[in-house]
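Just below is one structure, and these are the notes that go with it.
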Protein chains: 2
Amino acid sequence: MKRTSILDLARLLSLNPSTISRALNGHPDISDETRERVRTAAATFQYRPNLQARYFRNKNSGLIALILPEMNMFFVPGLMNGVNEALKNSDKSVIIFISDNDPEREKEIIGHCLSWMVEGVLISLSDSTNTLSHLMPLKEAGIPVLLLDKIIESPDFSTLSIDDSDAARLAVTHLTNKGLKAILGIFGHENLIMTRQRMDGFKDALHQSNISFSGYDTLTLNTQDNFEQNLENRLRSTPYDALFVMSDELLMLSLPVIQKLQLYPASLKIVCISDGTLPHRIYPPVTHILHSGFDIGKSGAILLLEMMKGQTITFHKKLSVSLQIAEPNP
Amino acid sequence: MKRTSILDLARLLSLNPSTISRALNGHPDISDETRERVRTAAATFQYRPNLQARYFRNKNSGLIALILPEMNMFFVPGLMNGVNEALKNSDKSVIIFISDNDPEREKEIIGHCLSWMVEGVLISLSDSTNTLSHLMPLKEAGIPVLLLDKIIESPDFSTLSIDDSDAARLAVTHLTNKGLKAILGIFGHENLIMTRQRMDGFKDALHQSNISFSGYDTLTLNTQDNFEQNLENRLRSTPYDALFVMSDELLMLSLPVIQKLQLYPASLKIVCISDGTLPHRIYPPVTHILHSGFDIGKSGAILLLEMMKGQTITFHKKLSVSLQIAEPNP
DNA sequence: AACGTTTGTGCAATCGTTTGTTGTGGATAA
DNA sequence: TTATCCACAACAAACGATTGCACAAACGTT
């Protein structure tokens, strides 16, 4: 029942374990004949390297940690696909942790990463994390860290994200350019930096068009209690021209209300920031700023692999965003 | 820059490494005084156990492999949340693999699991996998395997899923009970066992109600080419009363067509098999058979932990499904 | 006072793999 | 012939943590 080890093969072939190891790893010191003997023996006895032993000896782990605040339907699956795509031809495996948006848990997870000697960390911060101090042990251990999407900029850690305020500005400007003025902005939790930045872009775009911004023109999801009801009340009481929706999740939440009131597309335009899936599942398709989890995941993993090779300096990279217009030209 | 090891602590406190190890692990042989000395030293020097070394020595890994055919928006995120929920108070970590629906890749992944000495495997099969022979090495190595959702029943491996044909039958019967007769069934890839079983349930329900089943009353997604157009043509040419949709993905794909033709809810009823998210984001909500990724993930992980403890016999467990009625009573 | 028991710690081996160094026989060059 | 070099393989140590066993000191028992 015991699995065959290098030692077993060595005994079998009357060779030294070191020779087996080198033969299997294609070391040039080994003669072609021996290498073949070893390879066939390994194959017939179904030898499998013990990665625990190997990585232990080599002081690494072949693991990349992916730390996420939560699972959701849109961004995260795309992100994971992207990471998977970038890593599938490497010899790295992904060990996944979900912080459940709990900074304490996030800190614990960092500890696990250290104990596991992960070779790199991709992390999207939990909503209420407002400092990067808990990541310092990783830096001290020389483990590359790349913050993805939900980030805090700091001189200590590299980040990859989109320009959130720019994305929002672009989206809202598309509405104001069409002469729409009564615009309701729908946003997520206010403690999220991403929310504040997108709100900045929103306000900025309104300001550019000399549209006065009042607190009444936004709806935030701070209290989970009754978003749908709130939205319905708001839409019933105010004749909005258009909706700016900050994320796919919020668009998803808004959908039944919009359908119920039958506002879209006739009397209510919509733009959102999205990975593009949901907008195309609405008829007619919804104009959106493309924010692809796949792209961030793939680019992020590739960047991380780079960081794992050389000594990279800290960077803050913004993936460029683009407006995906889905309406016929006016 | 070298991290502190048990040996370092031993030197520091003039103790033997074994004593440090025992103190840290709460072994009763160690005096309270020594234990405290060791603990404070470990804390001040930020000692972190080297899991590679520990697991290597203990011949295990603390890892549970989660093998998925693909990432999607509905089932998989829920599944992962469930797994995470069940595992968060254990000391196991999740190492994730995506087979991209490629049986060859699936086989490779099994090899990785063996090399990693994972302690258990949760696997949802790739669509075109039609045998379990590639899992045998796991069984031979004594590694518990639990097939989730996309399964093949066999005496060799345990499974956890729902009764697919039953779920479909339940859903469709709900339609026929209301006197609806012209029912279009929308299905996924035909080579999936799950599809065939749900189709069986579909046909069965029609047969029970003496509704003749013809090939024209189903639409399958075998060719990715133009599902939406096909669906639109079908709905335009035939006055269907109702739609049975096999999965959330398919409902999502069908959505723009249904909206475009403005059939729902007035002239077209819908039932589907779903995790419940999407049906509640449609107005009015869609009646569905609840098929929760979260439940399967959580139950699956709990079952796997059990299997990892004792010697469990092979089982085929079906999570019970229930009809979630979303319409007002007639 | 001699012995047994308990309590707390040290010793040493072990897990499987890798790698720097050393050794050996044969071929080549001087 | 003898010195030199090369190709190949063996030797041995190392990674960090765990654990069966040995052992010493302190105590209680007759």
Side-chain angles (χ1 to χ4, degrees), chain A residues 1-39 41-42 45-63 91 112 114-119 141-142, chain B residues 1-39 41-42 45-63 91 111-112 114-119 141:
Chain A
M1 207 53 154
K2 189 178 149 298
R3 47 194 289 166
T4 63
S5 72
I6 277 193
L7 214 77
D8 298 324
L9 294 180
R11 270 192 291 266
L12 200 83
L13 301 176
S14 307
L15 286 172
N16 191 279
S18 62
T19 306
I20 307 289
S21 173
R22 285 193 246 254
L24 257 21
N25 295 326
H27 191 107
D29 271 8
I30 305 300
S31 69
D32 292 352
E33 189 209 335
T34 307
R35 193 184 353 264
E36 266 325 292
R37 283 213 305 147
V38 171
R39 290 217 168 129
F45 287 87
Q46 303 215 67
Y47 165 75
R48 292 183 193 281
N50 181 331
L51 292 182
Q52 299 285 342
R54 162 141 73 211
Y55 287 129
F56 168 49
R57 149 80 212 212
N58 290 350
K59 294 172 169 305
N60 59 6
S61 67
L63 290 176
D91 53 351
H112 282 140
L114 255 0
S115 277
W116 266 112
M117 307 244 277
V118 300
E119 297 179 18
Chain B
M1 208 52 155
K2 189 178 150 297
R3 47 194 290 167
T4 62
S5 72
I6 276 194
L7 213 76
D8 300 323
L9 295 180
R11 272 192 290 265
L12 200 83
L13 301 177
S14 307
L15 285 172
N16 191 280
S18 60
T19 305
I20 308 289
S21 173
R22 285 192 250 255
L24 257 21
N25 294 325
H27 192 106
D29 273 6
I30 305 300
S31 69
D32 292 352
E33 190 208 334
T34 306
R35 191 182 356 262
E36 266 324 293
R37 282 212 307 147
V38 171
R39 290 219 167 126
F45 287 87
Q46 304 214 68
Y47 166 75
R48 292 183 192 281
N50 181 332
L51 292 182
Q52 300 286 342
R54 197 211 307 276
Y55 287 128
F56 168 48
R57 150 79 211 215
N58 290 350
K59 296 173 169 305
N60 58 6
S61 67
L63 290 174
D91 53 350
H112 282 139
L114 254 0
S115 278
W116 265 113
M117 307 243 277
V118 300
E119 298 178 17

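Convention: sequence-line order gives letters A, B, ...; per-chain numbering from 1.
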Need one value for [X]: base, sugar-phosphate or nothing, where a base atom within 4.0 Å counts as base even if backbone is also close, heavy atoms only.
| X | answer |
| --- | --- |
| A:L15 | sugar-phosphate |
| A:T4 | nothing |
| A:S14 | sugar-phosphate |
| A:S18 | base |
| B:D29 | base |
| A:I20 | nothing |

Whole angstroms only, please: what is the [atom1]-[atom2] distance between [X] and [N]?
| X | N | atom1 | atom2 | answer |
| --- | --- | --- | --- | --- |
| A:N16 | C:dT21 | CG | P | 17 Å |
| A:I30 | D:dC6 | CD1 | P | 18 Å |
| B:F56 | C:dG16 | CZ | P | 6 Å |
| B:K59 | D:dA17 | NZ | P | 18 Å |
| B:Y55 | D:dT19 | OH | P | 13 Å |
| A:R54 | C:dC15 | CZ | P | 19 Å |
| A:L7 | D:dC11 | CG | P | 12 Å |
| A:D8 | C:dT17 | CG | P | 9 Å |

[X] (side chain) donor-acceptor with [Y] (main chain) under 3.5 angstrom:
| X | Y | answer |
| --- | --- | --- |
| B:E119 | B:S61 | yes |
| A:R48 | A:S5 | no |
| B:N25 | B:R22 | no |
| B:R3 | A:L114 | yes |

**Study point:** CH2 on A:W116 to OH on A:Y55, rounded to 0.5 Å
**Key:** 11.5 Å
Polar side-chain contact [X]-[N] base: donor and acceptor under 3.5 Å:
| X | N | result |
| --- | --- | --- |
| B:R22 | D:dG20 | yes |
| A:T34 | D:dC8 | no |
| B:R57 | D:dT18 | yes |
| A:T19 | D:dC8 | no |

Review point. Taking OP1 and OP2 of C:dT19, is either one under 4.0 Å from a side-chain nitrogen or oxygen of A:S21?
Key: no
Exercise for review: Look at the side-chain N and O atoms of B:N25 and state whether any lies under 4.0 Å from the OP1 or OP2 oxygen of D:dT18.
Suggested key: yes
Review point. Is any side-chain heavy atom of A:N50 closer than 4.5 Å to a side-chain heavy atom of B:M117?
Key: yes
Review point. Which listed nucleotide (D:dA17, C:dT17, C:dT19) is nearest to the side chain of B:I6?
Key: D:dA17
